Amino acid sequence: MRAASASNRPGELSPGIAVALPHARQFEISSTQGLPYRLLVAVPPEVPPAAGFPVLVLVDGDALFATALTTARLQGGRPEVSGVCPAVIVGIGYPGAAPFDAERRRQDLLPDGGGADRFLDLIETQLLPMVADLAPIDRARLALAGHSFGGLFTLHALFNRPGLFRSLVAGSPSIWWNERGILATRAQFLRSPAPIMRPRLLITVGGEEQKTDPLRFPERATRLEKARMVDNAAEMASSLAASGHLDCEHVVFAGENHVSVIPAMLSRAVAFTLAEAPVQGDSAR
């Protein structure tokens with residue numbers, strides 16, 4: 001931000017200016033079905049490695065992109081501590097000012113009616129080539145991260161296109177959706193031959209995501225009991241870790257609820273997906 005002019009009196013603010021995220025650009029694009037999207041892309045200023053930059057793709061980009069970018073810059077500034085290398089950060093969002101577009105994200109992130117597969121097609125055939133036009137990228141180091149419905153979408157992507165992303169982060173995945181229909185998709189994945197490129201999956205959840213006061217909030221308590229966010233995440237991680245199809249880590253962030261957990265999830269997601277050698281941290285299981 002620019003310094004206050006000499007004419008400003010002590011305690012007075014200088015004229016405000018817009019603040020931009022470093023090295024970030026915003027694009028308005030349309031899918032082949034004519035649906036509008038907001039594409040947020042940050043290319044690091046460093047010289048790219050010979051294979052290209054790794055890429056971290058975030059769904060619900062309007063809500064997650066800025067925090068993930070700041071986290072990547074902070075961790076990348078101390079690679080001797082974090083192991084995190086420069087990477088292209090991509091957020092996929094929607095027109096409008098809301099951090100989450102409830103209707104559009106249901107259309108894109110839920111497996112129902114093929115919406116998640118159409119969104120995967122958009123990422124694979126349209127968005128990633130656009131990003132590759134902006135900077136050289138390493139196709140062997142693509143990563144995907146999402147929260148809630150986005151976490152469910154990440155699991156869907158892993159089970160249906162296990163060769164597309166090297167690393168995936170399912171934050172507070174909505175495994176409960178459609179009577180836990182994702183479990184049938186998981187079963188199909190585990191019956192198939194193990195992927196040639198062994199995927200890496202991180203499942204995170206807030207430790208308070210199943211807790212509320214049933215006397216003060218009876219309806220919410222009923223919803224949380226049915227959703228089983230913490231238990232479902234633990235069971236999913238345990239079954240996948242035992243399968244031999246992939247490397248799976250599970251982290252429970254104590255004291256965090258379904259919303260407050262997002263920054264913690266993104267911090268761990270950056271370390272998990274962008275470290276040259278995966279950084280191992282303590283996990284509460």
Side-chain angles (χ1 to χ4, degrees), residues 54-59 64 68 75 82-84 87 109 111 116 120 123 140-177 180-207 209-210 227-254 256 258 261-262 264-285:
V55 179
L56 173 58
V57 177
L58 304 148
V59 298
L64 306 186
Q75 294 190 25
S82 67
V84 168
L109 303 180
L120 276 172
I123 294 172
R141 294 197 63 193
L142 301 180
L144 175 69
H147 170 74
S148 195
F149 281 170
L152 179 65
F153 174 78
T154 298
L155 294 176
H156 180 84
L158 167 65
F159 297 153
N160 285 276
R161 304 191 194 185
L164 180 55
F165 297 100
R166 173 73 176 90
S167 302
L168 305 98
V169 179
S172 304
S174 299
I175 294 169
W176 56 268
W177 178 258
R180 301 203 297 173
I182 193 68
L183 300 187
T185 311
R186 180 189 66 186
Q188 295 174 1
F189 167 73
L190 295 180
R191 285 196 297 266
S192 64
I196 296 175
M197 182 181 71
R198 188 179 179 89
R200 302 173 61 244
L201 173 67
L202 170 65
I203 298 178
T204 71
V205 70
E209 293 199 44
Q210 278 182 214
R228 299 180 73 250
M229 296 296 294
V230 176
D231 293 341
N232 278 337
E235 292 165 7
M236 177 67 75
S238 178
S239 67
L240 291 175
S243 71
H245 273 51
L246 72 163
D247 298 320
C248 183
E249 295 184 22
H250 174 225
V251 177
V252 178
F253 292 104
E256 306 295 349
H258 191 65
V261 75
I262 294 176
M265 178 274 289
L266 290 172
S267 179
R268 189 60 65 95
V270 165
F272 180 81
T273 62
L274 302 182
E276 293 286 5
V279 176
Q280 300 295 329
D282 292 333
S283 299
R285 297 177 183 272

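No experiment lies behind these values; they were computed from the predicted model shown.
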task: Before giving the answer on side-chain contact (heavy atoms from CB on, under 4.5 Å), spell out for I262 and L64 the whole-Å C-alpha distance, their side-chain angles and the decisive distance to 0.1 Å.
output: CA-CA 8 Å; I262 294 176; L64 306 186; 3.5 Å; yes
Close side-chain approach of F159 and Q188, heavy atoms under 4.5 Å:
no
State whether the side chain of Q75 and the backbone N or O of V84 hold a donor-acceptor pair below 3.5 Å, judged by distance alone. no
If we only count heavy atoms from C-beta on, is the L144 to L164 side-chain gap below 4.5 Å? no
CD of E209 to NE2 of H258, rounded to nearest 0.5 Å, is 5.5 Å
Q.
Run S238 and H250 through side-chain contact (heavy atoms from CB on, under 4.5 Å) and show every step you take.
A. CA-CA 8 Å; S238 178; H250 174 225; over 6 Å; no
* Given side chains that start at C-beta, do those of I182 and M236 come closer than 4.5 Å, heavy atoms only? -> yes
Looking only at heavy atoms, the pair that brings L168 and P199 closest together is CD1-CB, 4.4 Å
For this session: State, with a plain yes or no, whether a side-chain heavy atom of V169 is found less than 4.5 Å away from one of H147.
Result: no
Review point. Taking it one step at a time, do T204 and M265 satisfy side-chain contact (heavy atoms from CB on, under 4.5 Å)?
Key: CA-CA 7 Å; T204 71; M265 178 274 289; 3.2 Å; yes
Heavy-atom nearest pair, S82 first then A275, reads O-CB, 4.2 Å
Here the pair of heavy atoms bringing V59 nearest to G146 is CG2-CA, 3.7 Å
Taken to the nearest 0.5 Å, the spacing of F272 CZ from L56 CG works out to 11.5 Å
Look at the aromatic rings of F149 and W176 and report parallel, tilted or perpendicular, splitting at 30° and 60°. tilted
Heavy-atom closest pair (R198 atom, R166 atom, distance to 0.1 Å) is O-NH1, 2.7 Å
Side chain to side chain contact (heavy atoms under 4.5 Å, CB included) test vs P111 passes for just one of L155, L152, N160, namely L152
- Under 3.5 Å, is there a donor-acceptor pair linking the side chains of S239 and R186? yes
- Query: Considering only heavy atoms from C-beta outward, does the side chain of L246 approach that of L240 to under 4.5 Å?
  - Reply: yes
Value for CG (L158) from CZ (F189), rounded to nearest 0.5 Å, stands at 4.5 Å
Look at the side chain of T154 and the backbone N and O of A170, then say whether any donor-acceptor pair between them is shorter than 3.5 Å.
no
With a 4.5 Å cut-off on side-chain heavy atoms, are H245 and P193 touching? no
Review point. Any sub-3.5 Å donor-acceptor pair from S148's side-chain atoms to G150's backbone N or O?
Key: no
Any side-chain heavy-atom pair from V251 and R268 closer than 4.5 angstrom?
-> yes
What one should report as the nearest heavy-atom pair of I203 and A233 is CG2-CB, 3.9 Å
Between the side chains of T185 and H156, is a donor N or O closer than 3.5 angstrom to an acceptor N or O? no
Problem set entry | Check: S174 main-chain N/O paired with N232 side-chain donor or acceptor under 3.5 Å | no
Output yes when a side-chain donor or acceptor of E256 lies under 3.5 Å from a complementary backbone atom of V205, and no otherwise.
no
- Message: Less than 4.0 angstrom from a charged side-chain N to a carboxylate O is my criterion; do E235 and R228 meet it?
- Response: yes
Worksheet item: Just wondering, do D247 and E249 contact through their side chains at under 4.5 Å, heavy atoms?
Response: no
- prompt: Do L120 and R161 pass the side-chain contact (heavy atoms from CB on, under 4.5 Å) test, and can you show the C-alpha distance, the side-chain angles, and the key distance before you say yes or no?
  reply: CA-CA 9 Å; L120 276 172; R161 304 191 194 185; 3.6 Å; yes
### Message
Treating T273 as the side-chain partner and A269 as the backbone partner, does any N or O pair qualify as donor plus acceptor under 3.5 Å?
### Response
yes
Nearest heavy-atom approach of P173 to G151 is CB-C, 3.7 Å
